[in-house]
Amino acid sequence: MMHIQLESERPQTVAAASAPRPERRREDEEELQAIFERTYGSVRKNAFRPTPRREDNTARREFLPPLEEYLLVDGYNIIFAWEELKELAHRDLASARQKLIDILSDYHGMHPCSLLLVYDSYKVSGARGTQEEEGGITVVYTKEGETADSFIEREVTRLAKQYRVRAATSDRCEQNIILGAGALRMSARELRGEVEAAKVEIRRIMERQSKRDGKASLGRALEKAVNKQR
């Protein structure tokens, strides 16, 4: 038993016996840093600290409002594509123009947007080009020598960079140009479908208003709505 070390003579812990002195640990760190710098270059202070995390502002991010919508309508193209307006135009073109203005004014009330109704004054001698506000929409008469097609194409190219733009015409060539300029094309039939849907919604509103007010009969309310569209 001479070679067995007594318990009381053993080091208290392995860690305590093997732990390097502070001076030795510092020397080792300096030597390791010198080797690293010789291999990879000098080390900037705090180079190995983790990059601070950026605060996530996703939850507080404010969403931008939807883009404003523009609807450009080729007036004469629509008039001669809708049968009832076509028949009226053969008798009185000015009345057909006004009828379309009234129809689109009611439509605009149910579909708020910047609506431009463009009439061609290409062959009108001395026409300077005008824009008038009527029933909440902008009625455009082009200048002499300018077609409604060219006006719409120019405006689509300008507006489509910032806004959602639709253009209504039944002219296939013009539809393709509109699509290429970044706008959504709408046929005369599609515009007619949206107009009819707006009429139905107007009737529903008038019915609810008549029941709520109790002052006018349902027949008068509907008659007022229909006359407004005429």
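Residue numbers run from 1 in the order of the sequence given.
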Looking only at heavy atoms, which two atoms of [X] and [Y] are closest? And how far apart?
| X | Y | result |
| --- | --- | --- |
| Glu68 | Ser114 | OE2-OG, 2.8 Å |
| Val156 | Ala183 | CG1-CB, 3.4 Å |
| Ser150 | Thr147 | OG-O, 2.8 Å |

Spacing of [X] atom [atom1] and [Y] atom [atom2] [to the nearest 0.5 Å]:
| X | Y | atom1 | atom2 | value |
| --- | --- | --- | --- | --- |
| Tyr107 | Cys113 | OH | SG | 6.0 Å |
| Asp149 | Glu153 | CG | CD | 5.5 Å |
| Thr130 | Arg128 | OG1 | CZ | 11.5 Å |
| Leu104 | Ile78 | CG | CD1 | 8.0 Å |
| Asn176 | Ile178 | CG | CD1 | 9.0 Å |

*Residue pairs involving residues 164-207 (criterion ring-ring contact (aromatic ring centres under 6.0 Å, His included); sequence neighbours excluded)*: none
Could you pull out all donor-acceptor pairs under 3.5 Å where a side-chain atom in residues 134-145 meets a protein atom, sequence neighbours excluded?
| from | atom 1 | to | atom 2 | distance (Å) |
| --- | --- | --- | --- | --- |
| Glu134 | OE2 | Gln98 | NE2 | 2.9 |
| Thr138 | OG1 | Glu133 | OE1 | 3.4 |
| Thr138 | OG1 | Glu133 | OE2 | 2.7 |
| Thr142 | OG1 | Ser121 | N | 2.8 |
| Thr142 | OG1 | Glu146 | O | 2.7 |
| Glu144 | OE1 | Gly126 | N | 2.8 |

*For Ile79, enumerate each residue passing the side-chain contact (heavy atoms from CB on, under 4.5 Å) test, keeping only those at least two apart in sequence or located in another chain.*
Tyr76, Leu85, Ala89, Ala96, Arg97, Leu100, Tyr119
_Against Leu88, only a single residue in His90, Lys86, Arg91 fulfils side-chain contact (heavy atoms from CB on, under 4.5 Å); can you say which?_
Arg91
*For Phe151, all residues meeting ring pair (Phe, Tyr, Trp, His ring centres under 6.0 Å), sequence neighbours excluded*: none
*Spell out, as yes or no, whether a donor-acceptor pair under 3.5 Å connects the side chain of Asn77 to the backbone of Thr169.*
no
*Say whether, by atom type as modelled, one donor and one acceptor occur between the side chain of His108 and the main chain of Leu115 under 3.5 angstrom.*
no
Check whether any side-chain heavy atom of [X] lies under 4.5 Å from a side-chain heavy atom of [Y], and answer yes or no.
| X | Y | value |
| --- | --- | --- |
| Lys99 | Ile103 | yes |
| Leu71 | Leu116 | no |
| Asp74 | Val118 | no |

*Does Asp120 have any side chain to side chain donor-acceptor pair (under 3.5 Å) partners at least two apart in sequence or in another chain, and if so, which?*
none
*Could you give all pairs that pass the salt bridge (Lys or Arg N to Asp or Glu O under 4.0 Å) test and reach residues 183-197, with sequence neighbours left out?*
Glu84-Arg192, Arg166-Glu194, Arg192-Glu196, Glu196-Lys199
Same cluster for [X] and [Y] if Ile/Leu/Val/Met/Phe/Trp/Tyr side chains link at under 4.5 Å?
| X | Y | answer |
| --- | --- | --- |
| Leu184 | Ile177 | no |
| Leu179 | Met186 | no |
| Val124 | Leu117 | no |

